[in-house]
Student: 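Once you've had a glance at the structure underneath, I'll fire off some questions.
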Number of protein chains: 2
Amino acid sequence: MSQAPRRTRDRAATEAALLAAARARFTLGGYDATSVRDIARDAGVDPALIFRYFGSKERLFERAAQTVDDEHEAPSDGGAEDVPTRLLHAAMRQAAPGSAGGHPLAALLLSSGRPECREQLNAQLSHDYVHALEQLVDLPDRELRAELLTAWLLGITVARSLARTPALSEACVDDISPYFERVAAVLLGTPAPVAAPPDGPAAP
Amino acid sequence: MSQAPRRTRDRAATEAALLAAARARFTLGGYDATSVRDIARDAGVDPALIFRYFGSKERLFERAAQTVDDEHEAPSDGGAEDVPTRLLHAAMRQAAPGSAGGHPLAALLLSSGRPECREQLNAQLSHDYVHALEQLVDLPDRELRAELLTAWLLGITVARSLARTPALSEACVDDISPYFERVAAVLLGTPAPVAAPPDGPAAP
DNA sequence: GAGTCAAGTCATCGATTGATGACTTGGACC
DNA sequence: GGTCCAAGTCATCAATCGATGACTTGACTC
């Protein structure tokens, strides 16, 4: 998208520029709709460098699609009990900070026609979302409850990043948080939150 | 996928076979990952007939992706109040009956990197889901509430059809219905349902 | 300044894509 | 059986794709 300025010879910077451009393109269009020439043009770099530095388009995609190395937050660290809130923040995060592009999961979603991407999507959801939520449930249908809440977070991501639904796209975390906490309480079987959405006081 | 048996010359049957094959392929892999040769091979037909009968790959996709002409159910007919339940059934429906393939929305989701497909996805969600649900809300945040429930239905579809989350993929409507009704009641502000999910009696 | 090695460039490959148009063939009609 | 038109076939186009390898250029050391 944004042509990068001329750099002096710097492999690390070139790799980073390619990775950023790849993330932006892949999260906006998916694997098939993105060509290595597009990515290289955005990075202001020759397309051949992609293969020199990353080996193949597929390996570049894997590097661009994994969120594990995201330096700013990992979905499974920090406190113990505010897991749902952290997952909501992750679902609401629009793009990697400091770069254009869509939600990190969008790259996998848009490319989930490819079996490898579908596997990676499934693995990432299972590890980051379902497993973390399951720990909070001590009722029948543990897995189903966790997956239902995961589906909601996934749907919020899709609605904001792909479908671009108007109200959800412009909402911030605080707008959704009260609804989210009540629904999470229902699905996980945890006690209802104190704060209530604007439809009168919560039932005692 | 399944090679069709030899037909006598029959344009209507050939068009139908192409449309069925296109639906199956597009809902499983999206627009870019599906070639006209794939579709024609599945239909047992020469690829050139696609352009003769549908004009272009894009127009075939539009025909295959629209659910309006689905003869068996339109999302906005029938009774007045069980709209959420009908939408849940629509989200849980795996594929067009009588043919392989994924959920009808999956074709649009997988192809939403293309601007036209994103528009069509947005329009379909707005019309079939958000607008119908909005009518049921008489509280602040009408649109947001409707979109939040839409996002959940969308997420259920994605989890089942693309991510293939285990518990949700094997669940049927009756498994999810009790949770769905309680969450829908929370989001829409309607009275809580009588039947409760298996975590003890519902709060009065 | 010569030498060296990595960073970056360039031409080009084979495969596949969507699409076109001339061609052949089947079957209904008189 | 001859005619005719639509259904279906075939060869092929231009464009684009991912990928390769030989080449040039910059920056650093001695």
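In this text the structure is predicted, and so the values were computed from the model without any measurement. Within every chain, numbering begins at 1; the chains are lettered A, B, ... in the order of the sequence lines, protein sequences first and strands thereafter.
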Student: CZ of A:Arg41 versus P of C:dT9: gap in Å, rounded?
Tutor: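 That distance rounds to 15 Å.
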Student: With the criterion being N/O to N/O and under 3.5 Å, what pairs connect the protein with nucleotides 28-30 of chain C, and how long is each?
Tutor:
none

Student: Less than 3.5 Å apart, any donor N or O on the side chain of A:Asp10 or A:Thr14 sitting next to an acceptor on the other?
Tutor: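 Checked: A:Asp10/A:Thr14 side chains show no N/O donor-acceptor pair below 3.5 Å.
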Student: Rounded to whole Å, how long is the line connecting atom CG of A:Asp10 with atom P of C:dG8?
Tutor: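 It is 7 Å, rounded to the nearest whole Å.
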Student: Side chain of A:Thr14 only, heavy atoms from C-beta on: which candidate in C:dG8, D:dA19, C:dA19 is closest?
Tutor: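 Given the options C:dG8, D:dA19, C:dA19, the side chain of A:Thr14 is closest to C:dG8.
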Student: What are the atom names and distances for every N/O pair under 3.5 Å that joins the protein to nucleotides 21-25 of chain D?
Tutor:
unit_1	atom_1	unit_2	atom_2	d
D:dT25	O2	A:Arg9	NH1	2.8
D:dT25	O2	A:Arg9	NH2	2.8

Student: Taking only nitrogen or oxygen atoms into account, show me every contact under 3.5 Å that the protein makes with nucleotides 14-16 of chain D, one pair per line with its distance.
Tutor:
none

Student: Compare every heavy atom of A:Asp128 with every heavy atom of A:Leu87, then report the nearest pair and how far apart it is.
Tutor: CD2-O, 3.5 Å
Student: If I take atom CD1 in residue B:Ile39 and atom P in nucleotide C:dT16, what distance separates them, rounded to the nearest angstrom?
Tutor: 17 Å
Student: What is the distance, to the nearest angstrom, from the CD atom on A:Glu15 to the C1' atom on C:dA6?
Tutor: 13 Å
Student: Under 6.0 Å from the ring centre and within 45 degrees of the ring axis: does the NZ or CZ of B:Arg114 meet both conditions for the six-membered ring of B:Tyr31?
Tutor: yes
Student: Could you pick out which residue, B:Arg11 or A:Val36, lies toward the 5' side of DNA chain D when each is mapped onto its nearest nucleotide?
Tutor: B:Arg11
Student: Decide whether A:Ser35 and A:Asp38 meet the rule of one side-chain donor and one side-chain acceptor closer than 3.5 Å.
Tutor: yes
Student: Rounding to a whole Å, what distance do you find between A:Leu18:CG and C:dT9:C1'?
Tutor: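 These atoms are roughly 14 Å apart.
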Student: Once you apply a heavy-atom cut-off of 4.0 Å, does B:Phe54 come out as touching a base, just sugar-phosphate, or nothing?
Tutor: nothing
Student: Tell me the interatomic distance from A:Phe51, atom CZ, to D:dC17, atom C1', rounded to whole angstroms.
Tutor: 9 Å
